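One structure follows; several queries about it will come next.
This structure is a prediction, so every number in the text was calculated from the model and none was measured. Sequential numbering from 1 along the given sequence is applied to the chain's residues.
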Amino acid sequence: MALVFERGYYARLPPAVGSPLAYVDFLEAAPWNLRGSGSGPRFKGVGATLMAAVERLSESLGCEGRVGLHSLEQAEFFCARTCQMTALGPDRGYYDLWYFEWTTEHARRFAEEPGR
């Protein structure tokens with residue numbers, strides 16, 4: 001499940017600084033499915049599939065694939081490695097959570113092969 005805001009959030013990365021983006025406020029991809037949760041993952045790629053859907057939503061909103069989000073510590077690796085989002089560091093104005101963002105180019109590359 002993902003909660004995405006369609007308005008009110010803007011890109012921080014060049015070349016689109018100040019352009020609208022889709023902002024992921026919440027993303028949950030089956031917590032029982034995490035590695036180390038006991039029995040091991042039952043499904044693979046759920047988070048990446050959700051992020052690919054967010055990229056398509058961003059495209060449909062006219063945001064050209066741009067997506068931003070603040071990550072909980074346990075999801076930083078997913079954002080950086082799996083989604084290949086750019087880390088902009090901790091956001092002092094948002095509980096010191098790390099902020100990640102996709103440029104149009106990065107989002108489209110991810111959408112071609114999510115999670116690979």
Side-chain angles (χ1 to χ4, degrees):
M1 172 176 27
L3 174 61
V4 180
F5 290 112
E6 301 174 357
R7 291 186 199 90
Y9 292 88
Y10 303 93
R12 300 180 187 182
L13 288 173
V17 173
S19 298
L21 57 69
Y23 179 81
V24 178
D25 188 59
F26 179 83
L27 182 90
E28 184 64 62
W32 60 85
N33 202 43
L34 296 173
R35 287 184 176 89
S37 63
S39 62
R42 289 179 38 207
F43 305 103
K44 186 173 181 176
V46 175
T49 300
L50 280 171
M51 287 301 291
V54 171
E55 188 278 334
R56 288 190 303 276
L57 175 64
S58 173
E59 291 278 354
S60 74
L61 295 171
C63 297
E64 300 177 354
R66 290 183 300 274
V67 175
L69 61 82
H70 287 89
S71 175
L72 296 174
E73 184 177 347
Q74 63 265 33
E76 290 171 4
F77 182 85
F78 170 77
C79 294
R81 298 294 179 133
T82 302
C83 296
Q84 300 175 358
M85 298 181 88
T86 300
L88 281 82
D91 186 341
R92 303 284 178 240
Y94 199 83
Y95 308 102
D96 288 329
L97 294 177
W98 276 64
Y99 180 75
F100 290 85
E101 193 170 293
W102 268 334
T103 62
T104 297
E105 179 183 325
H106 288 115
R108 290 184 179 155
R109 192 176 321 131
F110 177 81
E112 290 172 6
E113 293 188 61
R116 293 177 191 83

| said: If hydrophobic clusters are built from ILVMFWY residues whose side chains come within less than 4.5 Å, do Leu3 and Met1 share one? | reply: yes
| message | To the nearest 0.5 Å, what is the distance between CD on Glu73 and CG on Asp96? | response | 12.0 Å
| query | Pairs in or reaching into residues 14-26: which pass side-chain hydrogen bond (donor to acceptor under 3.5 Å, both in side chains), with residues at least two apart or in two chains? | reply | Tyr23-His70
| Do Val54 and Phe26 belong together in a cluster built from hydrophobic side chains that touch within less than 4.5 Å? | no
| remark: For Leu88, the side-chain contact (heavy atoms from CB on, under 4.5 Å) test, sequence neighbours excluded, returns Arg12, Leu13, Thr86, Tyr99, Glu101
| query | Taking side chain as C-beta onward, heavy atoms only, is Met51 less than 4.5 Å from Val67? | reply | yes
| said: Minimum heavy-atom separation for Glu55 and Gly65, please, with both atom names. | reply: OE2-CA, 3.8 Å
| remark: Of all heavy-atom pairs linking Phe100 and Ala87, the shortest is CE2-CB, 3.5 Å
| request: Show your reasoning for whether salt bridge (Lys or Arg N to Asp or Glu O under 4.0 Å) applies to Glu112 and Arg108. | output: CA-CA 6 Å; Glu112 290 172 6; Arg108 290 184 179 155; over 6 Å; no
| Rounded distance (nearest 0.5 Å) linking atom SG of Cys79 with atom CH2 of Trp102 | 9.0 Å
| message | Show the nearest heavy-atom pair for residues Cys63 and Thr104, with the distance to one decimal. | response | O-OG1, 4.5 Å
| Does Tyr95 belong to the same Ile/Leu/Val/Met/Phe/Trp/Tyr cluster as Leu69, with side-chain heavy atoms less than 4.5 Å apart forming each link? | no
| said: Ignoring hydrogens, what is the shortest heavy-atom contact between Ala16 and Ala11? Give both atom names and the distance. | reply: O-CB, 3.2 Å
| Roughly how far, to the nearest 0.5 Å, is CG of Leu72 from CG of Leu27? | 10.5 Å
| query | With hydrophobic residues grouped by side-chain heavy-atom distances under 4.5 Å, do Leu50 and Phe110 end up in a single group? | reply | yes
| request: Please report the closest heavy-atom contact between Val4 and Ala22, naming both atoms and the distance. | output: CG1-CB, 3.8 Å
| task | Report the distance from atom CE of Met85 to atom OG1 of Thr103, rounding to the nearest 0.5 Å. | result | 10.0 Å
| task | Look at the side chain of Ser71 and the backbone N and O of Trp98, then say whether any donor-acceptor pair between them is shorter than 3.5 Å. | result | no
| request: Look at the side chain of Arg66 and the backbone N and O of Pro20, then say whether any donor-acceptor pair between them is shorter than 3.5 Å. | output: yes
